[in-house]
Chemist: 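This structure is in structure tokens; I'll ask about it shortly.
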Amino acid sequence: MARLQNTLQNKPLSLFVSLPANDAGLAKAALEEGADALKVHINVGHRASGNHFGQLDDYVEAFQKIRKLFDGPLGLVPAGSIDGISRSDWERLAPLGFDYYSIYVHHLSSFMLNGHELDMTFAINEQYDLSLVQWARSYGFTALEASIVPGTEYGTPLSFADVLKYRTLVEHAQLPVIIPSQRKLVAEDMQVLRDTGVKAVMLGAIVVGHTEEQLRRAVSEFRNAIDRLT
């Protein structure tokens with residue numbers, strides 16, 4: 001499954017949407033407004049959205065509906081702890097149509113590194129030593145999600161201090177860097193993030209809200225801003 005790799009390699013800046021709920025209607029809205037990729041969640045409490053996502057079995061039908069909507073990258077956050085997903089559930093992800101997973105590095109169990117069909121991405125938080133990301137390529141990772149804004153600062157504007165950290169990660173990781181909207185990103189931020197070397201912006205609940213109307217408005221605005229760069 002090379003959908004994620006192809007998207008990151010072939011677009012100067014991609015637009016991903018992390019859905020605030022595992023809902024096919026929200027997925028359809030995001031895609032209609034121009035999302036290049038989608039991400040959903042299981043087995044985790046999501047701080048930014050305030051939602052708790054349950055077990056895989058709770059969402060199989062929804063995930064199947066979402067997969068039928070498009071042929072682009074579909075990703076999953078499989079757990080919010082190192083023992084949050086069983087090996088048996090893990091082995092069901094690729095057959096359900098997922099292309100990649102995204103999980104915090106300290107929640108990533110060893111069995112997630114071998115013998116599967118998913119592209120691997122990992123997330124780091126604000127406490128992580130940024131210089132260590134340079135070694136991830138040796139393990140076959142496809143991308144890095146830079147979730148480095150402290151929780152107490154969620155929803156505040158992007159600063160140049162953030163930009164410098166993102167640039168550090170671009171240089172050290174030598175992997176495509178995905179920026180989640182922990183800050184209250186605005187359309188004007190797309191230029192500096194593209195110029196910093198970021199390969200994708202992932203809009204989450206802080207930017208897209210919780211309703212279909214809010215999501216459509218936000219995704220459309222960012223899609224237009226990115227298209228104006230190319």
Side-chain angles (χ1 to χ4, degrees), residues 1 3-9 11 13-20 30 35-49 53 72-82 84-85 93 98-109 112-113 118-137 139-151 153-154 158 162-185 189-190 193-194 196-208 222:
M1 293 185 181
R3 292 185 180 109
L4 179 64
Q5 295 182 48
N6 291 339
T7 297
L8 293 171
Q9 290 172 1
K11 293 177 178 287
L13 183 64
S14 295
L15 182 62
F16 291 13
V17 174
S18 177
L19 295 175
D36 296 309
L38 300 177
K39 187 176 80 170
V40 293
H41 304 72
I42 59 173
N43 300 317
V44 65
H46 191 246
R47 189 199 308 237
S49 69
F53 295 90
L74 177 60
L76 176 76
V77 177
S81 65
I82 196 166
I85 185 170
L93 300 183
F98 287 103
D99 300 292
Y100 74 97
Y101 71 79
S102 175
I103 190 169
Y104 276 112
V105 66
H106 51 287
H107 295 158
L108 202 160
S109 179
M112 298 181 185
L113 296 172
L118 303 175
D119 272 339
M120 303 187 299
T121 77
F122 70 103
I124 60 171
N125 63 19
E126 74 279 6
Q127 299 173 342
Y128 198 72
D129 182 346
L130 303 189
S131 68
L132 295 179
V133 299
Q134 65 185 301
W135 307 113
R137 291 185 70 190
Y139 295 89
F141 280 89
T142 300
L144 161 66
E145 185 175 327
S147 301
I148 58 175
V149 175
E153 298 179 23
Y154 281 13
L158 182 75
D162 300 318
V163 170
L164 291 176
K165 290 178 183 177
Y166 295 150
R167 182 63 187 177
T168 298
L169 290 171
V170 168
E171 292 293 332
H172 275 85
Q174 295 296 299
L175 286 171
V177 174
I178 301 167
I179 303 301
S181 61
Q182 297 172 304
R183 297 292 186 190
K184 182 68 172 178
L185 296 178
D189 294 328
M190 298 303 97
L193 291 177
R194 195 275 306 271
T196 298
V198 169
K199 293 300 293 181
V201 172
M202 181 176 293
L203 304 182
I206 286 172
V207 170
V208 303
F222 280 85

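No experiment lies behind these values; they were computed from the predicted model shown.
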Chemist: Residues two or more places apart in sequence or in another chain: which of them pass salt bridge (charged side-chain N to carboxylate O under 4.0 Å, His left out) with Asp36?
Modeler: Lys11, Arg223
Chemist: With sequence neighbours left out, write down each residue that passes ring pair (Phe, Tyr, Trp, His ring centres under 6.0 Å) with Tyr128, or none if nothing qualifies.
Modeler: none
Chemist: If I compare all heavy atoms of Ala79 with all of Ile85, which pair ends up nearest, and what's the gap?
Modeler: CB-N, 3.9 Å
Chemist: Would you check if Leu185 and Phe222 make a side-chain contact, meaning some heavy-atom pair closer than 4.5 Å?
Modeler: yes
Chemist: According to side chain to side chain donor-acceptor pair (under 3.5 Å), who are the partners of Gln134, at least two apart in sequence or on a separate chain?
Modeler: none
Chemist: Please list, chain by chain and in numerical order, all residues satisfying ring pair (Phe, Tyr, Trp, His ring centres under 6.0 Å) with Phe16, sequence neighbours excluded.
Modeler: none
Chemist: Strictly distance-based, threshold 3.5 Å: is any side-chain N or O of His172 a donor or acceptor partner for the main-chain N or O of Thr168?
Modeler: yes
Chemist: Between Leu38 and Ala35, what is the shortest heavy-atom contact and its length?
Modeler: CD2-CB, 4.2 Å
Chemist: I'd like to know if the side chain of His41 reaches the main chain of Val77, judged simply by a donor and an acceptor atom lying under 3.5 Å from each other, with no hydrogens or angles considered.
Modeler: no
Chemist: Assign the ring pair His106 / Tyr104 to parallel, tilted or perpendicular, where the plane angle (0 to 90°) is split at 30° and 60°.
Modeler: tilted
Chemist: Which residue pairs satisfy the side-chain hydrogen bond (donor to acceptor under 3.5 Å, both in side chains) criterion with at least one member in residues 139-148, sequence neighbours excluded?
Modeler: Lys39-Glu145, Ser102-Glu145, Asp119-Thr142, Glu145-Ser147
Chemist: For Ser109 and Ile82, work out which heavy atoms get closest and say how close.
Modeler: CB-O, 3.9 Å
Chemist: With a 4.5 Å cut-off on side-chain heavy atoms, are Asn125 and Ile148 touching?
Modeler: no
Chemist: Considering non-hydrogen atoms only, spot the tightest contact between Gln182 and Val149 and give its length.
Modeler: OE1-N, 3.2 Å
Chemist: Hey, what do you get for CG (Leu193) to NZ (Lys199), rounding to the nearest 0.5 Å?
Modeler: 13.0 Å
Chemist: Which residues pass the salt bridge (charged side-chain N to carboxylate O under 4.0 Å, His left out) test with Arg137, not counting sequence neighbours?
Modeler: none
Chemist: Quick check: closest heavy atoms across Val177 and Val198, and the distance to 0.1 Å?
Modeler: O-CG1, 3.5 Å
Chemist: For a 4.5 angstrom cut-off between non-hydrogen side-chain atoms, does Tyr100 reach Met120?
Modeler: no
Chemist: With a 4.5 Å heavy-atom cut-off, do Thr121 and Leu144 have their side chains touching?
Modeler: no
Chemist: For the CD atom of Gln174 and the CG atom of Leu169, what is their distance to the nearest 0.5 Å?
Modeler: 11.5 Å
Chemist: Rounded at 0.5 Å granularity, tell me how far CG in Leu108 sits from CZ in Phe141.
Modeler: 5.0 Å
Chemist: Heavy atoms only: give me the nearest Leu8-Ala200 pair and the separation to one decimal.
Modeler: CD2-CB, 3.9 Å
Chemist: Using atom types as modelled and distance alone, determine if a side-chain donor or acceptor of Arg167 lies under 3.5 Å from a backbone N or O of Thr196.
Modeler: yes
Chemist: Find out whether Met112 and Ile103 are in side-chain contact, i.e. whether some heavy atom of one side chain is under 4.5 Å from a heavy atom of the other.
Modeler: yes
Chemist: Rounded to the nearest 0.5 Å, how far does CG of Asp99 lie from CD of Gln5?
Modeler: 10.5 Å
Chemist: Answer whether the closest heavy-atom distance between the side chains of Val40 and Phe53 falls below 4.5 Å.
Modeler: no
Chemist: Which distance, rounded to the nearest 0.5 Å, do you find between the CD1 of Ile179 and the CG of Leu203?
Modeler: 12.0 Å
